[in-house]
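Note sheet for the following structure.
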Amino acid sequence: VSLLVVDIGGTKVSSAWWRRGQLSQVRTRPMARDEAGFVTLLQDLHRDYPHARQLGVAVTGRAVAGVVRAVNAAMIGFWNGYPLAARMAGVGLPPPLLLNDAQAAAWGEFRADADADDGRPSGEEGRGAGAGDEALEGRRDLLFVTLSTGVGGGLVLGGRLQSGAAGLAGHIGHVGTALRAVDGDQACSCGRRNCLETVASGTALARQGRHVLGRECTAQEVLALAQSGDAALQQVVAVAAAAVAQALADARALTGVARVRLGGGLGLAPMMFDAIERALRELPPLFVPVLEPARLGAHAGLIGVGWWAEAHGVDVVREA
Ligand code: BMX
Ligand code: ZN
């Protein structure tokens with residue numbers, strides 16, 4: 001094995017050897033807070049996987065020609081215009097193929113379905129011929145949404161991963177929401193106002209929790225306290241879930257996508273997942289996609305970028 005896969009998120013960095021969709025030697029470390037710390041992290045990576053010959057990297061932010069550019073500039077201080085490919089080469093890692101983290105996860109989820117379908121007897125796709133065609137057609141499209149430090153998204157349409165000009169496609173965290181956070185209108189550090197990410201990300205839940213409780217708290221704490229009956233925090237969760245549901249309906253209206261996978265530490269939390277399902281049931285069925293938890297769980301990005309790197313070659317630095 002020699003393909004190393006890395007997933008660099010706002011809060012943590014995961015890495016593993018990748019072979020045909022299987023991961024081994026999975027490691028997770030906290031994301032560095034500054035550039036110097038990040039270079040140390042890259043050196044540690046190189047030490048942990050010294051025989052890496054190929055490298056696929058899923059990364060928070062847009063990845064363009066070896067450089068990462070934040071959409072939300074406040075998420076990681078040094079991440080806007082960071083020459084990631086050059087820094088990786090600088091510590092002796094192979095030249096990486098870079099892909100946005102949620103786009104990578106979307107590709108991983110899509111590929112996981114394709115593999116599962118391979119093992120199925122044919123004709124199982126639906127009863128009537130018409131219904132079967134529609135079901136089959138629908139399986140070529142998939143939206144992945146992660147609720148984590150930020151809110152990320154990746155879209156596969158017609159069997160193709162959409163990365164868009166400048167890697168922006170799928171950034172559902174930065175669509176506007178008509179719902180308001182409990183602490184009022186929010187400026188998003190992407191330059192827009194009241195983005196989904198300012199209402200429904202882990203960062204947004206923690207911020208609203210602080211507003212309600214008058215002290216620091218985490219998104220997981222907000223969920224736990226809401227679960228145990230705190231009405232104000234239940235409202236925070238309900239508004240976040242409704243905002244996500246609206247954005248999924250918007251995505252369906254715009255692209256026709258009928259299947260959504262939800263991932264990220266917050267998205268995979270049962271309370272959040274259930275709240276979003278409930279909010280979807282309030283919407284007209286035409287706009288409601290089928291929602292499922294990410295089948296690859298927290299490793300969707302790692303596995304997805306592995307498939308992507310395998311298919312696209314990783315011997316040159318390239319635009320994802
Ligand atoms: C932000 C944006 C997206 C990313 C999403 C989820 C940056 C740095 N990131 O909207 O590119 O996909 O967060 O990222 O602008 P995560 O770190 O929470 O997984
Ligand atoms: Zn934004």
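Counting convention: from 1, in listed order, for ligands and their atoms alike.
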Within-shell test, [X] vs ligand 1, heavy atom, strictly < 4.0 Å:
{"X": "Ser148", "answer": "yes"}
{"X": "Arg69", "answer": "no"}
{"X": "Val151", "answer": "yes"}

Flag side-chain contact, heavy atom, 4.5 Å: Asp113 against Arg295: yes
Asn72: numbered ligand 1 atoms lying under 4.0 Å from its heavy atoms: 7 (C), 15 (O)
Enumerated ligand 1 atoms positioned under 4.0 Å from heavy atoms of His174: 1 (C), 10 (O)
From CA spacing to verdict: salt bridge (Lys or Arg N to Asp or Glu O under 4.0 Å), Asp141, Arg160: CA-CA 8 Å; Asp141 301 336; Arg160 288 180 181 277; over 6 Å; no
Less than 3.5 Å between some nitrogen or oxygen of [X] and one of ligand 1, yes or no?
{"X": "Arg62", "answer": "no"}
{"X": "Gly150", "answer": "yes"}
{"X": "Gly61", "answer": "yes"}
{"X": "Thr149", "answer": "yes"}

Which residue holds the protein heavy atom closest to [atom], what is that atom called, and what is the gap in Å?
{"atom": "atom 1 (C) of ligand 1", "value": "Glu197 OE1, 3.3 Å"}
{"atom": "atom 3 (C) of ligand 1", "value": "His171 NE2, 3.3 Å"}
{"atom": "atom 12 (O) of ligand 1", "value": "Asp101 OD1, 2.6 Å"}
{"atom": "atom 15 (O) of ligand 1", "value": "Val71 N, 2.7 Å"}

Closest to atom 4 (C) of ligand 1 (judged by heavy-atom distance), picking from Thr146, Thr60, Ile8: Thr60
From the candidates Gly152, Gly9, Gly10, the one that places a heavy atom nearest atom 6 (C) of ligand 1: Gly152
Any donor-acceptor N or O pair under 3.5 Å, side chains Gln227, Asp230: no
Thr11-Thr149 side chain donor-acceptor pair, cut-off 3.5 Å: yes
Shortest non-hydrogen contact from Cys195 toward Gly173: CB-O, 3.3 Å
Salt-bridge present (Arg215, Glu221; N to O < 4.0 Å): yes
Cluster link Met271 to Leu262, ILVMFWY, side chain under 4.5 Å: yes
Same apolar cluster (I L V M F W Y, side chains within < 4.5 Å links), Phe144/Met272: no
SG (Cys195) - the Zn ion (ligand 2) - SG (Cys190) angle, nearest 10°: 100°
CD/Gln25: more than 12 non-hydrogen atoms of other groups inside 6.0 Å: yes
Step-by-step salt bridge (Lys or Arg N to Asp or Glu O under 4.0 Å) determination, Asp115 to Arg111: CA-CA 6 Å; Asp115 287 354; Arg111 282 296 315 249; 3.7 Å; yes
Atom name in His174, limited to N/O/S, at shortest distance from the Zn ion (ligand 2): ND1
Parallel, tilted or perpendicular: rings of Tyr82 and Phe38 (30°, 60°): perpendicular
